[in-house]
K.L.:
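Pasting a structure here, questions to come.
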Amino acid sequence: MTSSPKKLHILITGATSGIGNQLTKDYLLAGHKVYAVGRDDQALAALKELGAETINLDLMDRDKVIEAFDKISQVDLAICGAGMCEYLDMPDFDSSVFMKVLSVNMGTLSHAIEGVLPKLIESKGRLVGIGSASAYVPFARAEAYGSSKAAIHYLMKTLQISLAPQGVAVSLVVPGFVETPMTKQNDFSMPFLQTTEQASRAIRAGIENGNKVIEFPKKLTLPLKTLGALPDMIWQQVSKKMNKK
């Protein structure tokens with residue numbers, strides 16, 4: 001007789017849109033306890049009807065994040081999926097846009113980590129951060145977004161080392177293009193575009209398998225990793241051609 005899967009207490013930021021929203025629904029359907037964090041009241045209400053415990057929270061407010069997460073009794077898995085994307089069009093380097101993207105993507109993540117880490121240490125749980133395949137190779141217009149995701153890659157890989165003594169596992173998710181409200185702004189071709197359902201399946205499978213890095217789809221991420229390892233002259237030429245399209 002096989003035992004039933006363990007019911008996890010899961011915290012998900014960015015739960016009201018895109019990948020985070022799909023993950024919330026899928027984990028609820030699987031019978032887990034989910035704390036859904038976001039700012040869209042309508043989306044939060046819909047998740048609450050599905051059984052989620054919803055938290056309307058501005059993740060840029062450090063004190064409120066710590067206060068809100070301190071009230072949660074248990075967290076076995078924390079998926080930090082909040083973020084944003086805006087592009088820069090050269091030669092106009094808009095530092096306000098650059099700093100906003102960097103601040104939001106790193107700020108929401110770092111505040112969430114500080115708030116949830118005591119719970120994860122207690123449960124010997126897993127922390128998951130969402131990076132991007134764009135961090136593998138520099139692309140024109142993605143100066144702000146790519147920089148923020150490269151910083152997230154470094155942070156999560158460093159935490160894999162520094163949190164190991166506390167028994168906390170850390171996973172970095174590296175998605176390619178996923179069909180979400182955020183990517184609807186893209187006015188360029190998005191090869192191997194994934195649905196949120198596909199993204200959720202890949203992430204949940206990677207977490208279940210204990211993968212430190214969860215990349216998908218491989219047919220996009222592997223070539224980008226290879227390209228990023230080549231001499232600068234090669235990938236710069238490729239990036240120029242892609243930007244012209």
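Everything quoted here is computed from the prediction, not taken from an experiment.
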K.L.:
Please assess Asp26 against Arg204 for the test salt bridge (charged side-chain N to carboxylate O under 4.0 Å, His left out), listing each intermediate value before the final yes or no.
P.N.:
CA-CA 9 Å; Asp26 289 338; Arg204 286 180 289 117; 3.3 Å; yes

K.L.:
Checking side-chain contact (heavy atoms from CB on, under 4.5 Å) against Cys80, which of Leu11, Leu127, Ile130, Leu59 comes through?
P.N.:
Leu127

K.L.:
Are Arg39 and Leu57 side-chain neighbours, meaning at least one heavy-atom pair lies under 4.5 Å?
P.N.:
no

K.L.:
I want to check something: taking the side chain as every heavy atom from C-beta on, are Val174 and Tyr136 in contact at a cut-off of under 4.5 Å?
P.N.:
yes

K.L.:
Would a hydrophobic clustering, with Ile, Leu, Val, Met, Phe, Trp and Tyr connected at side-chain separations under 4.5 Å, put Val170 with Tyr154?
P.N.:
no

K.L.:
Counting N and O atoms only, with roles assigned by atom type, does the side chain of Glu53 sit under 3.5 Å from a partner on the main chain of Lys33, one being a donor and the other an acceptor?
P.N.:
no

K.L.:
Could you tell me whether the side chain of Ile10 reaches within less than 4.5 Å of the side chain of Val75, counting heavy atoms only?
P.N.:
no

K.L.:
With a 4.5 Å limit on heavy-atom distance, are the side chains of Thr13 and Ile79 in contact?
P.N.:
no

K.L.:
Excluding sequence neighbours, so at least two apart, what forms ring-ring contact (aromatic ring centres under 6.0 Å, His included) with His9?
P.N.:
none

K.L.:
Quick one: are Asp76 and Leu120 in side-chain contact, heavy atoms under 4.5 Å?
P.N.:
no

K.L.:
Check the pair Asp89, Arg141 against salt bridge (charged side-chain N to carboxylate O under 4.0 Å, His left out), reporting the backbone distance first and the verdict last.
P.N.:
CA-CA 6 Å; Asp89 292 303; Arg141 299 185 69 212; 2.9 Å; yes

K.L.:
What do you reckon, is CD of Gln160 surrounded by more than 12 foreign heavy atoms closer than 6.0 Å?
P.N.:
yes

K.L.:
Just so I know, are the side chains of Leu88 and Met90 near enough to count as touching, which here means a heavy-atom distance under 4.5 Å?
P.N.:
yes

K.L.:
Judged by atom type as modelled, is there a donor-acceptor pair below 3.5 Å linking the side chain of Asp40 to the main-chain atoms of Thr16?
P.N.:
no

K.L.:
Can you name the residues that form a ring-ring contact (aromatic ring centres under 6.0 Å, His included) with Phe93, not counting sequence neighbours?
P.N.:
Phe98

K.L.:
Can a donor-acceptor pair be found, under 3.5 Å and without considering hydrogens, that links the side chain of His32 to the backbone of Leu28?
P.N.:
no

K.L.:
A side-chain contact here means heavy atoms from C-beta on lying under 4.5 Å apart; do Leu102 and Ser147 qualify?
P.N.:
yes

